[in-house]
Amino acid sequence: MRIDILSLFPHMFDGPLHESMIGNAVENNLIDVGVTDFRDYTTDKHNHVDDYPYGGGAGMLLQPQPIFDALADVQTKHPEKGRVVLLDPAGYQFNQTVAEDFAKEDHLTFICGHYEGYDERIRSLVTDEVSLGDYVLTGGELGAMVMIDATVRLIPGVLGNSESAPGDSFSSGLLEYPQYTRPADFRGMAVPDILLSGDHGKIDDWRLEQALKRTYERRPDMLAQLTLNGKTRQMLADIKADAGDL
């Protein structure tokens, strides 16, 4: 996968894209990352990339010309078909499903905004307008890092254990079940006996039940989007009964 980032602050990506799993993916040629400072493409003699909005209003808007030219240069060098993602609070919300969708692409380009917003014509360049959540950051860089991290870890070969990603919270539609490691008893807090039993069928059932319980307690909205089979419906009914909600 090729990932391009258009940003006014390219050095913000120097560390995060060269550490941990992302750094390993770069070193192992699983992803190729380029960061472009679109200020380098301004034709303004003062290197301005923003200006006041027509009609008045607070703040400054990013001008179209530097971003249009920077993206054109990126796409000339890397013409493979892909998605162009505008980081924008008005976009649809990023989640695990979007990350899984992005991970199937050959080329992703992220445009990181700053200041008050974008000249509306910049939107004509993009395939996706995406928000990290219902809050506003000072720029799109941190949002792009989060989206890239969530996406790249789903690319085959990036995680050491191929079963890790499918078992993550949200990938199955449920929050992840509780997990434990050694020692079996830590300061009086013991690992559940079922996990020490060696009965993998019962362990799988316990994990499913715990994932349902955790999701019901913390994110009941997620359950409304799931299609439950007879087994999971009964488990959920038992969980609700134990909680006194039936």
Side-chain angles (χ1 to χ4, degrees), residues 1-52 58-80 82-91 94 98-99 102-103 105-119 121-123 125-133 135-155 158-159:
M1 174 187 283
R2 170 74 188 184
I3 297 175
D4 278 292
I5 304 157
L6 274 58
S7 168
L8 291 174
F9 301 95
H11 293 301
M12 287 184 68
F13 296 91
D14 288 349
L17 297 185
H18 295 87
E19 299 289 344
S20 188
M21 293 294 181
I22 307 300
N24 291 339
V26 172
E27 289 182 9
N28 293 325
N29 297 316
L30 295 172
I31 61 171
D32 181 24
V33 180
V35 185
T36 299
D37 185 346
F38 58 84
R39 191 183 297 277
D40 293 341
Y41 292 81
T42 181
T43 58
D44 183 280
K45 65 180 181 180
H46 300 295
N47 289 330
H48 289 160
V49 295
D50 62 318
D51 209 336
Y52 294 102
M60 307 284 279
L61 297 179
L62 286 171
Q63 296 172 294
Q65 177 271 316
I67 292 178
F68 267 71
D69 288 355
L71 183 61
D73 192 27
V74 166
Q75 292 179 333
T76 297
K77 296 173 182 175
H78 304 284
E80 59 267 29
R83 308 268 280 273
V84 179
V85 181
L86 189 71
L87 279 293
D88 185 5
F94 185 78
V98 177
F102 281 178
E105 296 292 333
D106 294 325
H107 190 189
L108 293 173
T109 302
F110 294 87
I111 301 176
C112 303
H114 231 75
Y115 309 115
E116 186 64 24
Y118 304 95
D119 182 293
R121 292 163 289 192
I122 292 170
R123 300 183 194 278
L125 297 172
V126 309
T127 60
D128 299 83
E129 298 177 29
V130 188
S131 169
L132 199 59
Y135 48 89
V136 179
L137 300 173
T138 56
E141 286 77 13
L142 293 176
M145 291 178 201
V146 170
M147 294 181 194
I148 290 168
D149 186 281
T151 298
V152 168
R153 65 189 303 278
L154 298 174
I155 296 173
V158 171
L159 296 182

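None of the values given here were measured: they were computed from a predicted structure.
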Exercise for the section: Begin from the C-alpha positions of V84 and D128 and carry the test side-chain contact (heavy atoms from CB on, under 4.5 Å) through to its verdict. Expected result: CA-CA 6 Å; V84 179; D128 299 83; over 6 Å; no
Exercise for the section: Determine the interplanar angle of the F94 and F102 rings, folded into 0 to 90°, and report it as parallel if under 30°, tilted if 30 to 60°, perpendicular if over 60°. Expected result: tilted
Completion exercise
Looking only at heavy atoms, the pair that brings C112 and I5 closest together is SG-CG2, 3.8 Å
Problem - T42 (side chain) donor-acceptor with D44 (main chain) under 3.5 angstrom - result: yes
Practice task
Heavy atoms only: give me the nearest T127-G82 pair and the separation to one decimal.
Solution key: CG2-O, 4.4 Å
Handout entry: Side-chain touch M21/R153, heavy atoms, less than 4.5 angstrom
Key = no
Problem - Non-hydrogen side-chain atoms of M147 and L87 separated by less than 4.5 Å - result: yes
Exercise for the section: Considering non-hydrogen atoms only, spot the tightest contact between G113 and E141 and give its length. Expected result: O-OE1, 4.2 Å
Practice task
Kindly indicate whether the side chain of Q65, heavy atoms from C-beta on, has any atom under 4.5 Å from the side chain of V49.
Solution key: no
Problem - Least distance between heavy atoms, Q63 atom then I122 atom - result: O-CD1, 3.8 Å
Exercise for the section: Kindly state whether the ring of H114 and the ring of F9 have centres lying under 6.0 angstrom apart. Expected result: yes
Practice task
Determine the minimum heavy-atom distance between G133 and S131, stating which atoms define it.
Solution key: O-OG, 2.8 Å
Practice task
Run the numbers on I111 and V85 for side-chain contact (heavy atoms from CB on, under 4.5 Å), then give the verdict.
Solution key: CA-CA 6 Å; I111 301 176; V85 181; over 6 Å; no
For a quick test of your reading: what N or O donor-acceptor pairs under 3.5 Å do the side chains of residues 25-36 make, sequence neighbours left out?
residue, atom, partner, partner atom, Å
N28, ND2, N24, O, 3.1
D32, OD1, R2, NH1, 3.3
D32, OD2, R2, NH1, 2.7

Handout entry: Donor-acceptor pair, side chain of D37 and main chain of R39, under 3.5 angstrom
Key = yes
Handout entry: Straight-line distance of E80 CD to E105 CD, nearest 0.5 Å
Key = 11.0 Å
Exercise for the section: Take L61 and Y118 through the side-chain contact (heavy atoms from CB on, under 4.5 Å) test and state the conclusion after the steps. Expected result: CA-CA 5 Å; L61 297 179; Y118 304 95; over 6 Å; no
Handout entry: Non-hydrogen atoms of A150 and A99 that approach each other most closely
Key = O-CB, 3.8 Å
Problem - 4.5 Å side-chain heavy-atom contact, I3 and M1 - result: yes
Problem - Salt bridge R123-D88, side-chain N to carboxylate O under 4.0 Å - result: yes
Practice task
Consider only side-chain N and O atoms of D4 and H78, and report whether a donor and an acceptor are under 3.5 Å apart.
Solution key: no
Handout entry: V74 side chain near L6 side chain, heavy-atom distance below 4.5 Å
Key = yes
Exercise for the section: Measure the shortest side-chain to side-chain distance between M12 and L142 over non-hydrogen atoms and say whether it is less than 4.5 angstrom. Expected result: yes
Practice task
Can you spot which of L62, L71, D69 makes a side chain to side chain contact (heavy atoms under 4.5 Å, CB included) with F38?
Solution key: L62
